[in-house]
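Working notes, beginning with the structure itself.
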Amino acid sequence: MRIVSGMRPTGKLHLGHYFGVIKNWLKLQDSNECFFFVADWHALTNKYKETSDLKQNIYDLVIDWLSCGINPEKSTIFVQSGVKEHSELALLFGMITPKSWLELNPSYKDLKFNLIFQYIRDFLFGKNIKIDQDKLHEIVYKAFYHKKDIDYEGLTKDLTDLKIKQEIVNEIIHNIKEGDIGKDIDTFGFFGYPILMAADILIYNADAVPVGEDQLPHIEITREIARRFNNLYSPIFKEPQALLTESSKLLGIDGRKMSKSYNNTIALSEPRETLEKKVLSMKTDPQRLKKTDPGRPEICNVFSYHKYFTDLQEVDKIQAKCRNAEIGCVECKRILFENVDKFLSPIREKRKEYEENIGYVEKIIITGTQKAKEAAKENMKNVRNAMGLINF
Ligand code: SF4
């Protein structure tokens, strides 16, 4: 099967990426023809102002993949912007895609919601205001979804009810309306990113795309665009299947979803020293105040990590000892720390080798991009012919 999958270059990868994406890629590359790409154009759809780290992030992403075992002999590793045919196909798809398909795309709405929520949250936390984040999420969610779009009046009232000072609320609302957040999400690039995504996939005539449940709408719109093109011109595109992959259940060190914006991640390149600090700071069963209190591993984030990094027999022992108050949380975290360190150690070592030999990484990117280009070129010829264009 031909598989296409990409990741945005937004900084070094963390354990959530490993268990949510990379682990699956490692399995897929053994028995499929895989195209894995750095989606650098997609990184610009909402971060077009923050480009100073982009080049470094592209290299970091490829280095992370290689360090985890993504093998350039088995998989084609390339950078999206190196294959200009993606943009040509996206432009042509833009001609045939009704605007309503994009407006209805739930991922577009979700992403817009997340940006607004993050903006409001960061604004509040930047001012050191202690606030119930779940409550805030609920308020912004209500304002965003239940009232079609942000209802500024309702949001002002709800935030004031949360005992946030009126002038701060006013400032937030003012900034959402006229500040950077509005510009970031109201661009043509952001609105049209599903078209670019469809081009990324269809240009290689992929059979399947590994996705999490939340990305299913992207595949659906890709299939719709393929169908529309095939009906209008000539049946040259395959309708790719979604390879549903389970999203990572590994939470951040604070028990929330692992995300850079929550500052709760463990990077794949995490040094041993900071890893130790992070693991020792993890929250445990809140009712367990002393070692003599029996614990509840089923609600403890440290225990859920053990299931990923500790061997099965030891996990069972820890579980029993925790329930019988025979192990302290510090001891339990120390075991976890050593096991996570053992897991990350070979990845870190490989990363160091690649960092010291950046020329080799560049060569992998150039070779992969060239290979992807050859495949894309072939398909673009068919597209131009089908649409009555000249093949220059
Ligand atoms: S002993 Fe381990 S599993 Fe039990 S509450 Fe403490 S950290 Fe969690």
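The shown structure was predicted, so the numbers you read here are calculated from the model rather than taken from an experiment. First listed ligand is number 1; within each ligand, the first listed atom is number 1.
- Summary of contacts: the protein heavy atom closest to atom 7 (S) of ligand 1 is T284 CG2, 3.5 Å.
- By the 4.0 Å heavy-atom criterion, C322 is counted among the residues contacting ligand 1.
- Relative orientation of the W25 and F36 rings is parallel, given thresholds of 30° and 60° on the angle between their planes.
- With a heavy-atom cut-off of 4.0 Å, C300 touches ligand 1 through its side chain alone.
- With E85 contributing its side chain and N379 its backbone, the two residues share no donor-acceptor pair below 3.5 Å.
- At least one heavy atom of R288 sits less than 4.0 Å from an atom of ligand 1.
- Protein heavy atom closest to atom 6 (Fe) of ligand 1, with residue, atom name and distance, is C329 SG, 2.3 Å.
- Here Y305 and F19 keep their ring centres 6.0 angstrom or further from each other.
- Note: Y18 and Y308 fail the aromatic proximity criterion, with ring centroids not under 6.0 Å apart.
- Between I201 and P240, the shortest heavy-atom distance links the atoms CG2-CG, 3.9 Å.
- Ligand 1 places these atoms under 4.0 Å from at least one heavy atom of V302: 7 (S).
- For C332, the nearest N, O or S atom to atom 2 (Fe) of ligand 1 falls under 2.8 Å.
- Counting atoms of ligand 1 from 1 in the listed order, those under 4.0 Å from a heavy atom of F303 are 3 (S).
- The ring of H86 has its center no closer than 6.0 angstrom to the ring center of F93.
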